[in-house]
Structure formats: C-alpha cells, structure tokens
2 protein chains.
Amino acid sequence: MTDVIRRRPRQADVAALAGVSQATVSTALGTSPARASLSAGTLERVALAARTLGYVPDPVARRLAAQSTDLLGVYTFTDAFPVEVRDSYYPFLVGIERSAARLGYDLLLFTGTSSSRGGEAVQKVRLADGCLFLGRHVPEEQLQQLLDAGYPVVYVGRRTELGGRLSYVGADYVAGAAQVVDHLAGLGHTALLYVRGTDDAVASADREEGFWRAVAAAGLRGQVQRAYASSIDARALQSWRASGVTAVVTEENDANDLLAALLAAARDADVAVPQDMSLAVLGECGGLEPAPRVTGFALPRQQMGEDAAALLVDLVTGRRTGTVQELLVPSLLVGETTGPPPPA
Amino acid sequence: MTDVIRRRPRQADVAALAGVSQATVSTALGTSPARASLSAGTLERVALAARTLGYVPDPVARRLAAQSTDLLGVYTFTDAFPVEVRDSYYPFLVGIERSAARLGYDLLLFTGTSSSRGGEAVQKVRLADGCLFLGRHVPEEQLQQLLDAGYPVVYVGRRTELGGRLSYVGADYVAGAAQVVDHLAGLGHTALLYVRGTDDAVASADREEGFWRAVAAAGLRGQVQRAYASSIDARALQSWRASGVTAVVTEENDANDLLAALLAAARDADVAVPQDMSLAVLGECGGLEPAPRVTGFALPRQQMGEDAAALLVDLVTGRRTGTVQELLVPSLLVGETTGPPPPA
DNA sequence: CTGAAAGCGCTTACAG
DNA sequence: CTGAAAGCGCTTACAG
C-alpha cells in the first residue's frame, strides 16, 4: 500500500482516483460551458473523488491560467485601520465587505508597509481581479500602468487625475453644499458668507460651486472669503455682522480648524449662535472637543463603499466598461448652530 | 518594423531586449543568491531593458512558482466589519494589520458569504501562506485538514478544540479574574459571591478558576452560584447580604444580562453600589444602556491581534513550529462600582 | 557566469 | 463525451 498523500491534493490526484484525466476534473469541477457535455457518471465520480480527498482548487494557479481570482483588492495609503476614529476608513470597509460578500468575492487588503514600499508595490494589486483605492493620494504613473493594461480600478472618492479616466464613487459636495444653503434659505437667511480655506483642493472647489449655485437658485446674497484659521477673530466676525451677514458657512477641512476658529470668534465677540448668527459647515464637524452639533452634511460612507465594490465587480466581469464615475448625495445634518436670522 | 507590444511586458520581452535568457532575467531581477554570480554587465543590461519596457513582475505567476504569497488570511465567522461596535473585531484587526505591515505581509480577508458557503469554503484560506481565525466557531473537520497538511493556523482567542492542537493567542481569564478578586481583597472585602451563567463555555470555566485561585490565595471566603439573569432579583440580593456577602462578582456574557440583572436588583432592593455592596464583572461592561463604569478587566485586543499575526508569520517561516499557545494578561479596569465594604 | 529545462496547478481550445 | 497538449509567467535546481 502506498503512503498517504500528505501534500494537498491537486486535480491530478482527483483524476487518478476518479479514473479520468486531469483536464476532465478541471471541467467537471469548474463552471465552463464544456461542463454541460460531461456525462452524469463522470461528474459524479469526480465530485466524489474530490470530496474524498478534500480537494480545493489552488486560487493562484487558477488565476494564472484563467486570469481571475475572485479577489477584490483594497489599497489604502495609510493604515486601513487607524486607531484614531476621525478619518477612519471603517465605514467604507463595512460597505465594501458587504458588497464583496454578496457578490462572492473576498478582499485582499494591502497593508501600509507594502504600500509605502514605493511605486512598484502598487502593481501587487494585480493579484486581485480588480482594486479599490482609498485615500487622497493618487500615484498617477502606477495607476496609468494599471489602466493601460485594462486592469479594473475604482476610487472611493471623486478623483480628477489622469485626465478624468479614473472610475470612482464619490460624494456630491455640490449637492451637499446646496442642501446646507437651502436649509439656511428656508430659515429666512438672505445674506450668507462662505469662508473657505486657502488651498485649491477639488473638494473645496466643489463646495464653493455648490454654495454659489444654491445661492443663485434661492435668490440670496452671498460672498466668499478665503481665510486662514488664524485670521478669523472677533473683529472679523463683528464686521461681517455689521455688513448684514446673518449666516456663516465654512468648509470642512482636515482638523476643522476653520470651524473651530469661527466658534471661538463667536464666543469672543459675544455673538450667540444661532440667535445672533447661524453657523454651518459643508461637511461634518468631527474632530472638535467638545463636539458641538454643528449643522452640516454627512457623506454616505457605507453606501459609497458598497457602490464602489459593486462597480468594481461590474468592471471585472465586463458588465460595465470604461470609466464610470458616480456621485452619491450626502444627507443634511441639522444641528444646534442654525436657526432663523435675528429680527432686523 | 514590428508592432508595438501592447500587452504588458514579461520576462521574455526583457530577455529579448537585453540579449539574455528569460531565466537570467528572473535571477537578475530577483533576490535569490544566484544573483550574486551574474556579471555586472548583464545585471545592468537587464535592468535597463526592464526599465525601458516598464517591466513589472506578475505577482500571480511569481506566487505559483515560488509557493508563497506573502499573504496572511483572516477568517471571521461573522462579518469582519460589523456595524454594531459591541463585539467588533476592529481592535484585533488593528493589531493584525500592524504586525502584517511590519513583517511585509498583506491581508486576505475572507468575507461572510464565502465563509458561510459551508465547510469547503474554509479551504480557500490556502491562498494565503497561513491564516488567522477570529470568532467562537471552530469548524473542527476543516481545521483538522489544514493542520494535517501542515498549514499554519492561529486562532485569536483561546481554543481547546482538536485535542489542544490549535495554536492561539488568547486572553488569560484566570489572571483577569484574579486581578478583580485581588482588587476587592485590597479594599477589605472578605466574603465574595461569584455569579456565573449556566452554560459551560471554556471562558466561563477559566473565570471561575481564576476566582477560586485568587480567593484561596488571598485567604477570602468565596462561593459560586450559577444563575439565569431572570432569577436574580431584589430578594436574592438581600439574602446574599444577610449571609455576609459584601461584594458580588459576575461573569461577562453575551448581552451582559447577568450584570444588568444585578444592577437592577440593587436598585430594586435599595442597595447602594458600592456603599452597601461592591459589584464587579469578570470582563467588560459593554452593551449596557446607560453604561455604568463597572469594575472589571479589559482584554488587550490590539496586542492579541499583533501577537497572533506575528506568531502566524513565525509559523509560516518556520521560525517556530508545532502548536504554540500564548495568553495575554488583561488589565484591571477600576470603575465606580467597587469600594470598601460597609462597616460591620 | 549563463542557458535549457522542468515544474508550480490550473484552464482552454482542439482533436478524436 | 473525453483526453492530450499547450500555455498562463514566473522560480529554481542543474548542466555546462
């Protein structure tokens, strides 16, 4: 009697036991159309042999031969699991996992180290059938290579790099900004000031555009001011009031320092929020201590994750092709910092 | 002139351009010892050719040939990213990612669906070089197959199944229980009651053992009572007091309903905690609304994740072999529910 | 110092 | 209806 096979069984082992060829095992166990033309007996014997031996296909070999692994890559440019919750990818991951599970894919999570090993590392994502990218960073050259090779890539978050050829599922900041402005208009405000940061990020421009559109649509007076957090003080606030401004809208930024500066200035100037002046942020007021419930809008993070993964699967399977860009509408968060304007 | 090569370049293309064989390209571009014996000129020409063509190795092919993926599997028996934070694997994942990143591994996350597809699905983990398992469920047959094949497996959490052959990094409940008892002894308590649930989970037995050991070591009087949450009421509490018990210790369980019942009973019986009686839990008091700061102990979850991943890597690389079991000591959490015993 | 060859475990035309 | 063969793009002894 021969030794028990210790190594994991391969198709050849199953074939030997079932009395068929290795290729037949492959078709019998696979899902290709050729499977239909195998006899019931063969199918049965192969299935039995496979079960007996505990055969499991080697996904790597399968991928090499068939060019598919049923794996979705997830590439983040910082730790996927940051300890600080503030800008955690967690809600995105929840959505991504849901979609992946539903569609029968597993997740290949590239860790910080491999990511930071320089540009080449990005190519590792090819182990998966397609890859999701999270984070602000866009390694254009590397992505260009992937796109050129027809490799499916989807960003979570709107990206305008690479001549707009990147697929993404992002948040509609224009719509989010409009919701906030409409909320203020509904309360009776007519003169709004928008304070944005001094950089030119895409999201910033989008928010400003949303501000202007909604202001125009609602027939309000609006003005925009670029500011550093350090330049916002009690005097500035008072001069805005004097000029008739009843609501100040600001941009969400990294540490929300613009928002923090506005709150501090209101305190210093003895301006009651929202009785004397309303305050809103185009985004979420996270990261502040203590956390005031500031009016703003929330990104549908989990839904973005779900949609991004679903889109990636469509791209992988060829159900959709080319560049697909999708924007999800944020939801208005009415906090304690907005109310009717003071009586004139 | 021939057509431009549109498909991504492979080693054969680089070889042609550099005027060497494909195998030489492999060694020149790789890290094997054989590389040292290539001439400087060859190395240079290959490097140049690779750069010119934009060659990037195919990770899949490399894996198939080299029998290693630099991937660590993570298998959970529920969603890896549950929406309810209570029994979230998040802290474990943070630790796992850290270790993996530091050691140069990426993570292969098996999603709920693939996991629930029945026993066979577990075998999919073989795509990774080794696999971490999270969750109470232990699919013995499947794991047996993996172990028999010499496949490295590490559980996060102590597991006694499979005749103790499972490697794990768990929490030392015995030590945790002892910490709580010692804390009470230090406060002056001499008569303790331990209320545990009616099931026989390993963790429950460990906690009870820790209770008894610490009670004995501190020279206290102790008693253990098994109870359903529904059987704990004001009368029970009062009879315990009458018998001289000054501190009640309970087990952490799924919904912490034992703890909740004790808190409710104290309220009903008009027993002030901790003035009249101290209360502690062998674990964390999560899941209760409102959340009282109950004395207990916290598992070092992130550290468990880190250690588990590091252990798995050791098993994968052969630095350690066989079954390795490691227990991490929890840290005492002193809450508002314990104090000195009432004057006698 | 380098090349020819085998092989990793599959899939997929193709021949019969 | 099934098998023989080629090939996916690499790594790794081994021969020279």
Side-chain angles (χ1 to χ4, degrees), chain A residues 5 7-16 18-47 49-50 53-71 120 123-124 126-127 129 149-151, chain B residues 5 7-16 18-47 49-50 53-71 123-124 126-129 149:
Chain A
I5 296 176
R7 59 172 169 67
R8 56 183 300 215
R10 59 194 69 150
Q11 287 184 347
D13 301 321
V14 178
V20 298
S21 76
Q22 175 265 318
T24 298
V25 171
S26 176
T27 46
L29 262 24
T31 59
S32 85
R35 194 189 130 92
S37 58
L38 289 182
S39 75
T42 301
L43 249 29
E44 212 165 283
R45 269 177 301 132
V46 170
L53 296 178
Y55 169 76
V56 179
D58 179 336
V60 177
R62 187 209 286 278
R63 161 87 224 228
L64 185 59
Q67 316 284 2
S68 108
T69 50
D70 294 348
L71 252 37
E120 299 282 294
Q123 300 299 324
K124 276 175 72 176
R126 288 181 188 260
L127 250 180
D129 289 346
Y151 183 85
Chain B
I5 297 174
R7 59 173 170 67
R8 54 184 302 224
R10 60 193 69 152
Q11 287 184 347
D13 301 321
V14 177
V20 298
S21 76
Q22 175 265 317
T24 299
V25 172
S26 176
T27 44
L29 262 25
T31 60
S32 86
R35 194 190 130 91
S37 59
L38 289 183
S39 75
T42 300
L43 249 28
E44 213 168 282
R45 270 177 299 132
V46 170
L53 296 178
Y55 170 77
V56 179
D58 179 335
V60 177
R62 189 209 288 275
R63 261 77 219 198
L64 183 59
Q67 305 287 44
S68 109
T69 51
D70 293 349
L71 253 35
Q123 300 298 325
K124 275 177 73 175
R126 289 179 189 257
L127 219 187
D129 291 346

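Residue numbers begin at 1 in each chain, while the letters A, B, ... track the order of the sequences.
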Picking from [options], which would you name as closest to the side chain of [X]?
X	options	result
B:Arg10	D:dA4, D:dC8, C:dC10	D:dC8
B:Arg62	C:dC8, D:dT11, C:dT2	D:dT11
B:Leu64	D:dG3, D:dT12, C:dG9	C:dG9
A:Gln11	C:dG9, D:dT2, C:dC10	C:dC10
A:Ala66	D:dG9, C:dT12, D:dT2	C:dT12
A:Gln22	D:dC8, C:dC10, C:dG7	C:dC10

query: What nucleic acid atoms does A:Val20 come within less than 4.0 Å of, heavy atoms only: base, sugar-phosphate, or nothing?
result: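 If one applies the 4.0 Å heavy-atom cut-off, A:Val20 turns out to touch the sugar-phosphate alone, with no base involved.
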Could you tell me how far apart [X] ([atom1]) and [N] ([atom2]) are, to the nearest whole angstrom?
X	N	atom1	atom2	result
B:Arg126	C:dC10	CZ	P	11 Å
B:Asp58	C:dC8	CG	C1'	13 Å
A:Leu127	C:dC10	CG	P	16 Å
A:Leu53	C:dG9	CG	P	15 Å
A:Arg45	D:dC1	CZ	P	13 Å
A:Leu29	C:dG9	CG	P	16 Å

query: Any side-chain heavy-atom pair from A:Leu71 and A:Leu127 closer than 4.5 angstrom?
result: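 SC-SC contact between A:Leu71 and A:Leu127 ruled out.
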Can you tell me how far the [atom1] atom of [X] sits from the [atom2] atom of [Y], to the nearest 0.5 Å?
X	Y	atom1	atom2	answer
A:Thr42	A:Arg35	OG1	CZ	11.0 Å
B:Leu43	B:Leu29	CG	CG	9.0 Å
A:Lys124	B:Arg63	NZ	CZ	6.0 Å
B:Gln11	B:Thr27	CD	OG1	8.5 Å
B:Asp13	B:Gln22	CG	CD	10.5 Å
A:Ser26	A:Arg62	OG	CZ	8.5 Å

statement: Here DNA chain D, pairs taken as Watson-Crick or G-U under 3.5 Å and shown with ( ), [ ] when crossing and | when to another strand, reads |||.||||||||.|||
- prompt: Given that B:Ser21 and B:Ala65 both sit by DNA chain C, which one's nearest nucleotide is further toward the 5' end?
  reply: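 The residue closer to the strand's 5' end, by nearest nucleotide, is B:Ser21.
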- prompt: Nearest nucleotide by nearest heavy atom, which residue falls closer to the 5' end of DNA chain C, B:Ala61 or B:Ala40?
  reply: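 With B:Ala40 and B:Ala61 compared, the 5'-side residue is B:Ala40.
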Verify the contact: side-chain N or O of [X] to OP1 or OP2 of [N], cut-off strictly under 4.0 Å; return yes or no.
X	N	value
A:Ser26	C:dC10	no
B:Thr42	C:dT2	yes
A:Ser39	D:dT2	yes

- request: Measure across A:Leu53 and A:Pro9 and return the closest heavy-atom pair with its distance rounded to 0.1 Å.
  value: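 A:Leu53 and A:Pro9 have their closest heavy atoms at O-CG, 3.2 Å.
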